Enquirer: 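Next up is a structure, given as structure tokens.
Just so it is clear, the structure is predicted and the values come from calculations on it, not from any experiment.
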Amino acid sequence: MSQKPDTLYTTLEKEALICARCGYCRTDCPIYKVIGWESASPRGKVSLSREIFAHQQRRDIPEEFVRRLAQCTLCGACAVGCSTTIDLRRLWLDLRQRLAEAGQEPQAYVNLRDTLAAHKNITNFSNDERLEWAQDLDDPESIEPRSGADVCYFVGCVSSFFPQAAEVPLATAEILHEAECDFTTMGGEEWCCGFPLLGAGFANDAQKFIRHNVEKIKAMDIHTLIASCPSCYHVWKHDSREVLKGYDLKIQHTTEYLAQLIKEGRIQLNELAEVITYHDPCDLGRNSGIYEAPRAIINSIPDVKFVEMAHNKDYALCCGGGGNLQSVDPENAARIAALRVEEIQATGASIVVSACQQCEQMLTAAIRKENLPIRVLDISQLILEAL
């Protein structure tokens, strides 16, 4: 459940007492920006946590508190502004786990857990259909699971099963073929990374998925794994560390791997006369520290004019789609996305690039709602256009 491997997080009870109630976190919290209630702010939730858990006499958990916790996107922005350096993202995950253990989690989380238990992915499709997207490749069989490949591409649930997001693995696979990379996938043996379960508070259930995926990677004798979903990447990089202990596995986000291919000259990019801005996904940027690789890719394309948004990197605004928010409060998720679109529009960009399928879905919907002439692309799609 860690945000970063070097966290100083102790226990919920101790961390809740550290809060100085300064309120700096409120200006960074996306859900507070659109709701405006103190109970929705990080400070407000920590105060309630202190009353419920940190005092000696445990109190009942109010339904309103449960609702407010479910509205958190787990973006980690509050931790950046915290004057007492509390690992607030981990604190929210800790709280959600306690709610689940008390049987007070939202029904949407229960439905999600049941779906994952039945299908091993976040949809109602059979997990054997994970490579359906590959039918649009020239040689679909080339990515069938194969032991001993140099690289395994962990595709993720969203890219595997949602038609719009399927453009991401298609572009990634075409780029890897172009660079003559020896890569494979896990096919139907790839289960959900476990992040939706961690975000819902079902840590023990998530461990089953993590262990399965690690066991399959070991059985395939894979020693480099890349993931295009930032949440999948974060789980592999941080939450799988104990299970991976003793096994040599290099884990990279696709932006890191693709930036490396460009630097080595294995991908040649042509001119693109476009104004481009970049949206930092929360789980890739703030929560994993990857900022430079995607920007290096964009800036390596000749004739591109790259413009940063007002809030970027550590201070980038959330798209609204994180932390399972879309499943419990889609209206406020869309309101958060609209705030980000205002910043995108202000750059004058014709293309906004991200490196997260969920971010791209949220931003696309918000941009279409405003009828703006801005395209939303994944970093892999941008590279493909420049080939």
Enquirer: Got Q268 and L387 here, is their nearest side-chain heavy-atom distance under 4.5 Å?
Expert: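 When only atoms from C-beta onward are counted, L387 and Q268 do not touch, as no gap falls below 4.5 Å.
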Enquirer: Could you tell me which residues satisfy salt bridge (charged side-chain N to carboxylate O under 4.0 Å, His left out) with E242, sequence neighbours excluded, listed by chain and number?
Expert: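 Residues passing salt bridge (charged side-chain N to carboxylate O under 4.0 Å, His left out) with E242: K245.
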Enquirer: Under the rule for side chain to side chain donor-acceptor pair (under 3.5 Å), what residues qualify as partners of T254, not counting sequence neighbours?
Expert: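 Scan of T254 (side chain to side chain donor-acceptor pair (under 3.5 Å), adjacent residues dropped) gives none.
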Enquirer: Test of understanding: with salt bridge (charged side-chain N to carboxylate O under 4.0 Å, His left out), list the residues that count as partners of R211, not counting sequence neighbours.
Expert: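 Expected list: none.
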Enquirer: Salt bridge check, E64 against K45: does any charged N sit closer than 4.0 Å to a carboxylate O?
Expert: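 The answer is no: the pair does not qualify as a salt bridge.
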Enquirer: Mark yes or no: R98 above the aromatic ring of F53, with NZ or CZ under 6.0 Å from the six-membered ring centre and no more than 45 degrees from the axis.
Expert: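 Pair R98/F53 counts as cation-pi.
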Enquirer: For E189, enumerate each residue passing the salt bridge (charged side-chain N to carboxylate O under 4.0 Å, His left out) test, keeping only those at least two apart in sequence or located in another chain.
Expert: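 Salt bridge (charged side-chain N to carboxylate O under 4.0 Å, His left out) list for E189, sorted by chain: K216.
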Enquirer: Which atom names give the shortest non-hydrogen contact between L93 and G199, and what distance separates them?
Expert: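 Residues L93 and G199, closest heavy atoms: CD2-CA, 3.9 Å.
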Enquirer: Relative to the ring of H253, is the ring of Y233 parallel (under 30°), tilted (30 to 60°) or perpendicular (over 60°)?
Expert: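 Perpendicular: the ring planes of Y233 and H253 meet at over 60°.
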Enquirer: Can you list every pair that meets side-chain hydrogen bond (donor to acceptor under 3.5 Å, both in side chains) and has a residue in residues 192-208, with sequence neighbours left out?
Expert: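 Matches after skipping sequence neighbours: none remain.
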Enquirer: With a cut-off of 3.5 Å and sequence neighbours excluded, list every side-chain donor-acceptor pair involving residues 70-82.
Expert:
unit_1, atom_1, unit_2, atom_2, d
Q71, OE1, R68, NH1, 3.0
Q71, NE2, D329, OD2, 3.0
T73, OG1, C75, N, 3.4

Enquirer: With a 4.0 Å cut-off, would you call K218 and E215 a salt bridge?
Expert: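 A salt bridge is absent here (no side-chain N lies under 4.0 Å from a carboxylate O).
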Enquirer: Given D314 and Y291, is the side chain to side chain donor-acceptor pair (under 3.5 Å) satisfied, shown in steps?
Expert: CA-CA 9 Å; D314 270 352; Y291 297 116; 2.4 Å; yes
Enquirer: Going by atom type alone, with no hydrogens or angles, which donor-acceptor pairs under 3.5 Å involve a side-chain atom of residues 22-29 and a protein atom two or more places apart or on another chain?
Expert:
unit_1, atom_1, unit_2, atom_2, d
R26, NH1, Y32, OH, 3.2
R26, NH1, E38, OE1, 2.9
T27, OG1, Y24, O, 3.0

Enquirer: Within the distance-only criterion (no hydrogens, no angle test), does the side chain of E190 pair as donor or acceptor with the backbone N or O of G156 below 3.5 angstrom?
Expert: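 Yes, E190 side chain to G156 backbone: donor-acceptor pair under 3.5 Å.
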Enquirer: As a quick check of understanding, evaluate salt bridge (Lys or Arg N to Asp or Glu O under 4.0 Å) for D283 and R89, giving each step before the final call.
Expert: CA-CA 11 Å; D283 276 339; R89 182 177 180 275; 3.5 Å; yes
Enquirer: Tell me, which pairs form a ring pair (Phe, Tyr, Trp, His ring centres under 6.0 Å) where one or both residues lie in residues 100-157, sequence neighbours left out?
Expert: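 Of all non-adjacent pairs touching residues 100-157, those that pass ring pair (Phe, Tyr, Trp, His ring centres under 6.0 Å) are F154-W236.
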Enquirer: Distance only, no hydrogens: is a donor on one side chain within 3.5 Å (strictly under) of an acceptor on the other, for T10 and E15?
Expert: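 Yes, side-chain donor-acceptor contact under 3.5 Å.
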Enquirer: Is the shortest side-chain heavy-atom distance between S240 and V235 below 4.5 Å?
Expert: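 Yes, side chains in contact.
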Enquirer: At what distance, to the nearest 0.5 angstrom, does CZ of R96 lie from CG of N324?
Expert: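 Here the interatomic distance stands at 6.5 Å.
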Enquirer: Show your reasoning for whether salt bridge (Lys or Arg N to Asp or Glu O under 4.0 Å) applies to E292 and R295.
Expert: CA-CA 5 Å; E292 299 310 320; R295 287 172 170 79; 5.8 Å; no
Enquirer: Got a sec, which pairs hit side-chain hydrogen bond (donor to acceptor under 3.5 Å, both in side chains) with one end in residues 367-385, sequence neighbours left out?
Expert: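 Applying side-chain hydrogen bond (donor to acceptor under 3.5 Å, both in side chains) to every pair that reaches into residues 367-385, excluding sequence neighbours, yields R375-E385, D378-S380.
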Enquirer: Minimum heavy-atom separation for I290 and P294, please, with both atom names.
Expert: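 Where I290 meets P294 most closely, the heavy atoms are CG2-CD, 4.1 Å.
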Enquirer: Enumerate, atom names and distances included, each donor-acceptor pair closer than 3.5 Å involving a side-chain atom of residues 345-356, sequence neighbours excluded.
Expert:
unit_1, atom_1, unit_2, atom_2, d
T347, OG1, I344, O, 2.6
T347, OG1, A349, N, 3.2
S350, OG, E274, OE1, 2.6
S350, OG, V275, O, 3.2
S354, OG, H279, O, 3.1

Enquirer: Check whether any side-chain heavy atom of C19 sits under 4.5 Å from a side-chain heavy atom of I86, and report yes or no.
Expert: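 Yes; the side chains approach each other to less than 4.5 Å.
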Enquirer: Who are the salt bridge (charged side-chain N to carboxylate O under 4.0 Å, His left out) partners of D182, not counting sequence neighbours?
Expert: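 Per chain and number, D182 pairs via salt bridge (charged side-chain N to carboxylate O under 4.0 Å, His left out) with R146.
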Enquirer: With side chain to side chain donor-acceptor pair (under 3.5 Å) as the criterion, how do D221 and S147 come out once you've worked through the C-alpha distance, each side chain's angles and the decisive distance to 0.1 Å?
Expert: CA-CA 6 Å; D221 192 29; S147 296; over 6 Å; no
Enquirer: Using every non-hydrogen atom in the two residues, find where G188 and N127 come nearest and quote the distance to one decimal.
Expert: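 Answer, listing the atom of G188 first, then N127: O-ND2, 2.8 Å.
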Enquirer: Are the side chains of R266 and C181 in contact, using a 4.5 Å heavy-atom criterion?
Expert: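 C181 vs R266: side chains touch.
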Enquirer: Between R90 and D94, is the closest basic N to carboxylate O distance under 4.0 Å?
Expert: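 Salt bridge flag = no for R90 with D94.
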Enquirer: Quick one: which residue pairs count as a ring pair (Phe, Tyr, Trp, His ring centres under 6.0 Å) with a foot in residues 167-188, not counting sequence neighbours?
Expert: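 Residue pairs passing ring pair (Phe, Tyr, Trp, His ring centres under 6.0 Å), neighbours aside: H177-F183.
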